[in-house]
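Notes for the one structure printed next.
Order of listing sets the numbers, starting from 1, for every ligand and every atom in it. We count residues from 1, following the sequence as given. Predicted model only: the values in this text are computed from it and were never measured.
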Amino acid sequence: MQDFIYSSPASRVIFGAGSLRHVIREIDLLGAGRAIVLSTPEQRADADHVAAMIGERCAGIFDRAVMHVPIETARQARELARQVNADCAIAIGGGSTTGLGKAIALESPLPILAIPTTYAGSEMTPIYGITEAGLKKTGRDMRVLPKTVIYDPELTVGLPTSLSATSGINAIAHAAEGLYAQDANPIISLFAEEGIRALAQGLPAVLANPSDMEARSQCLYGAWLCGTVLGSVGMALHHKLCHTLGGTYNLPHAETHTVVLPHALAYNAAAAPDAMKRIAKALGGANASQAVYDLAKALNAPLSLKEIGMPEGEIDRCVEIAMQNAYANPRPLEKAALRRLLDDAFHGRRPAASEAP
Ligand SMILES: NC(=O)c1ccc[n+]([C@@H]2O[C@H](COP(=O)([O-])OP(=O)(O)OC[C@H]3O[C@@H](n4cnc5c(N)ncnc54)[C@H](O)[C@@H]3O)[C@@H](O)[C@H]2O)c1
Ligand SMILES: O=C(O)CCC(=O)CC(=O)O
């Protein structure tokens with residue numbers, strides 16, 4: 001066994017169907033008085049529900065969270081939190097809402113109580129992203145890591161099956177890259193394998209019956225583990241490509257992860273054979289990249305960049321951007337191979353078995 005470093009971030013997790021009922025207890029345990037409740041406009045009803053549950057402990061609601069945290073939105077939310085004297089932020093929603101909470105925590109001492117309703121995993125990471133003048137900047141800061149996370153699968157029953165599928169594969173991507181991370185360690189690799197297994201088991205059952213609470217619980221449990229992997233070890237080519245594609249062509253986040261993952265894994269297969277075996281095993285397949293592709297197909301998820309809005313004729317530009325700024329990846333970045341990867345992803349081809357170990 002190689003030497004390794006494992007550090008455990010200090011989040012308190014409350015998991016289980018109906019666990020939202022503990023929200024007041026959790027505000028008390030944070031030592032907070034009154035909370036500002038954050039949501040997207042689409043999830044205003046969820047924010048209202050939390051506000052009604054906590055009654056006079058609700059200092060106000062800010063329901064304008066949007067994807068990628070525009071700086072203007074972050075400023076408005078920070079200002080409202082200040083005006084209403086909130087000493088805690090409750091973020092109920094997906095990565096966009098958690099991200100807004102993080103933007104508040106970055107500039108104030110407010111602890112975040114996150115109540116995730118997708119599988120994106122942001123609630124378990126110290127990673128924040130803020131978009132200014134069309135450019136998204138990301139960073140790591142322990143101040144933004146939610147202090148408490150309530151995982152209540154009942155809140156995910158309304159997550160549309162299409163977003164359940166792509167958000168679940170977004171989570172699998174964190175775990176898959178965690179297994180071949182430069183700073184991987186055996187503990188986080190256990191989380192990764194178990195996270196992929198739980199999602200691979202839960203997602204098809206969610207598609208068959210979106211109200212299946214056992215399946216919803218499996219998926220949220222998997223998302224928690226995969227989010228922990230994202231927060232603990234470094235990501236590589238797959239995440240870099242998704243940020244490039246998402247930022248340059250304004251492609252939807254979870255869908256982009258879903259399309260790119262099989263091809264990023266095929267690219268890295270020969271350079272990370274042990275990780276590929278663990279991914280394939282967790283997915284119940286023989287080949288990691290093909291098993292992810294087949295899972296996405298079985299879940300009726302998008303398979304090509306073309307169908308999610310990437311324009312034609314942009315692959316060379318994308319390769320150039322992806323080659324900028326060196327970062328760790330099991331296989332060195334090679335222009336021609338990256339071009340093939342993106343061409344396969346653009347057209348939605350199933351990865352070839354020959355690329356696997
Ligand atoms: N910092 C991190 O560690 C990290 C990790 C993952 C994702 N992210 C960021 O999070 C964003 C994407 O998050 P996302 O994929 O969770 O999507 P999202 O938060 O943008 O949610 C997508 C839509 O689904 C709605 N929704 C969420 N949960 C629902 C539910 N249970 N029922 C009905 N509707 C629901 C939301 O209100 C929104 O309209 C991106 O900006 C991404 O960069 C950050
Ligand atoms: O907050 C961010 O945008 C950076 C982390 C992230 O998006 C993880 C992912 O790609 O799913």
contact_flag Lys102 ligand 1 heavy-atom lt 4.0 Å: yes
Using a 4.0 Å heavy-atom cut-off, which part of Leu155 comes near ligand 1: side chain, backbone, both, or neither? backbone
With a 4.5 Å limit on heavy-atom distance, are the side chains of Tyr267 and Arg340 in contact? no
Any salt bridge linking Glu79 with Arg82? Criterion: basic side-chain nitrogen under 4.0 Å from a carboxylate oxygen. yes
Atoms in ligand 1 flagged as close to Met67, the criterion being non-hydrogen separation under 4.0 Å: 11 (C), 12 (C), 20 (O), 40 (C), 41 (O)
Check the pair Leu295, Ile172 against side chain to side chain contact (heavy atoms under 4.5 Å, CB included), reporting the backbone distance first and the verdict last. CA-CA 11 Å; Leu295 176 65; Ile172 289 175; 3.8 Å; yes
Nearest neighbour in protein (non-hydrogen) for atom 36 (C) of ligand 1: Gln43 OE1, 3.3 Å
Have a look at ligand 2 and work out which part of His68, if any, has a heavy atom under 4.0 Å from it: side chain, backbone, both or neither. neither
Less than 4.5 Å apart, side chain to side chain, heavy atoms only: is that true for Ile54 and Ile90? yes
Below 3.5 Å, N or O to N or O, backbone or side chain included: is there any such pair between Thr97 and ligand 1? no
Do Met323 and Lys335 have side-chain heavy atoms sitting under 4.5 Å apart? yes
If you measure every N or O of His68 against every N or O of ligand 1, does any of those distances drop under 3.5 Å? yes
Lys102 to ligand 2, any heavy atom closer than 4.0 Å: no
Please report the C-alpha distance between Leu299 and Thr258 in whole Å, then the side-chain angles of each, then the deciding distance to 0.1 Å, and finally whether the side chain to side chain contact (heavy atoms under 4.5 Å, CB included) criterion is met. CA-CA 11 Å; Leu299 297 174; Thr258 302; over 6 Å; no
Would Thr40 count as a polar contact of ligand 1, with the cut-off being nitrogen or oxygen pairs under 3.5 Å? yes
For ligand 1, which atoms, with element, lie under 4.0 Å from some heavy atom of Gly158? 32 (N), 33 (C)
Could you tell me which atoms of ligand 2, counted from 1 in the order shown, lie closer than 4.0 angstrom to a heavy atom of His174? 9 (C), 11 (O)
So, is Tyr128 polar-close to ligand 1, with some N/O to N/O distance under 3.5 Å? no
Can you name the atoms of ligand 2, numbered from 1 with element, that are less than 4.0 Å from a heavy atom of His239? 9 (C), 10 (O)
Using a 4.5 Å cut-off on heavy atoms from C-beta on, say whether the side chain of Asp87 contacts that of Asn85. no
With atoms numbered from 1 as shown, which atoms in ligand 1 lie under 4.0 angstrom from a non-hydrogen atom of Gly94? 16 (O), 19 (O)
May I ask you to check if ligand 1 and Ser96 share an N or O to N or O distance below 3.5 Å? yes
Proximal atoms of ligand 2 relative to His257 (non-hydrogen, under 4.0 Å): 9 (C), 10 (O), 11 (O)
Protein residue, atom and distance nearest to atom 6 (C) of ligand 1, heavy-atom basis: Ala120 O, 3.4 Å
Please check this pair: side chain of Thr244 against backbone of Lys240, looking for a donor-acceptor N/O pair closer than 3.5 Å. yes
Only heavy atoms of His253, strictly under 4.0 Å: list the atoms of ligand 2 that pass. 7 (O), 9 (C), 10 (O), 11 (O)
Salt-bridge test for Glu132 and Lys137: reply yes if a basic N is under 4.0 Å from a carboxylate O, no otherwise. no
So, do Val229 and Glu177 sit near enough that their side-chain heavy atoms are less than 4.5 Å apart? no
Provide, to 0.1 Å, the distance between atom 5 (C) of ligand 2 and the closest protein heavy atom, together with that atom's residue and name. Ile127 CG2, 3.9 Å
Sub-3.5 Å N/O-N/O distance, Ile127 and ligand 1: yes
Output for pair (Leu305 CG, Glu314 CD), nearest 0.5 Å, gives 12.0 Å
For Leu230, atoms of ligand 1 separated by under 4.0 Å from a heavy atom: 3 (O), 5 (C)
Below 4.0 angstrom from a heavy atom of His253, which ligand 1 atoms are there? Numbered from 1 as shown, please. 7 (C), 12 (C), 40 (C), 42 (C), 43 (O)
Going by atom types only, do Ser164 and Arg216 share a side-chain donor-acceptor pair under 3.5 Å? yes
For atom 6 (C) of ligand 2, what's the nearest protein heavy-atom neighbour? Residue, atom name and distance, please. His243 NE2, 3.6 Å
Relative to the heavy atoms of Thr125, which atoms of ligand 1 are at a distance of less than 4.0 Å? 1 (N), 2 (C), 3 (O)
Contact check: Thr118 vs ligand 1, nitrogen or oxygen atoms, below 3.5 angstrom: yes
Nearest to atom 1 (O) of ligand 2, what protein heavy atom do you find, and at what distance? Gly129 N, 3.7 Å
I want to confirm something. Looking only at heavy atoms, which of Gly231, Ser164, Ser122, Ala45 is nearest to atom 44 (C) of ligand 1? Ser122
Heavy atom of the protein closest to atom 39 (O) of ligand 1 (residue, atom name, distance): Glu42 OE1, 3.2 Å
Does the side chain to side chain contact (heavy atoms under 4.5 Å, CB included) test come out yes or no for Ile112 and Lys102, once each step is laid out? CA-CA 7 Å; Ile112 307 171; Lys102 289 177 170 184; 4.1 Å; yes
Arg12 versus Glu26: any side-chain heavy-atom pair under 4.5 Å? yes
Considering only heavy atoms, does His239 approach ligand 1 within less than 4.0 Å through its side chain, its backbone, both, or neither? neither
the protein heavy atom lying closest to atom 14 (P) of ligand 1 turns out to be Gly95 N, 3.6 Å
Give the atom numbers and elements of ligand 2 that come within less than 4.0 Å of a heavy atom of Lys136. 2 (C), 3 (O)
Within the structure provided, determine whether Val149 and Trp224 are in side-chain contact (heavy-atom separation under 4.5 Å). no
Please write down residue, atom name and distance for the protein heavy atom closest to atom 23 (C) of ligand 1. Leu163 CD2, 3.9 Å
Sub-4.0 Å heavy-atom contact, Lys136 with ligand 1: yes
Residue part near ligand 2, for Asn170, under 4.0 Å between non-hydrogen atoms: side chain
Is the ring centre of His238 less than 6.0 Å from the ring centre of His263? no
Using 4.0 Å as the upper bound for N to carboxylate O, is an ion pair formed by Asp48 and Arg44? yes
Check the orientation of His68 and His253. Use parallel for under 30°, tilted for 30 to 60°, and perpendicular for over 60°. perpendicular
Please determine if Thr138 has a nitrogen or oxygen closer than 3.5 Å to a nitrogen or oxygen of ligand 2. no
Just verifying a value: how many Å separate Asn268 CG and Leu179 CG, rounded to the nearest 0.5 Å? 12.0 Å
How far is atom 28 (N) of ligand 1 from its nearest protein heavy atom, and which residue and atom is that? Thr117 OG1, 2.7 Å
So do Leu220 and Tyr119 actually touch side chain to side chain, heavy atoms under 4.5 Å? yes
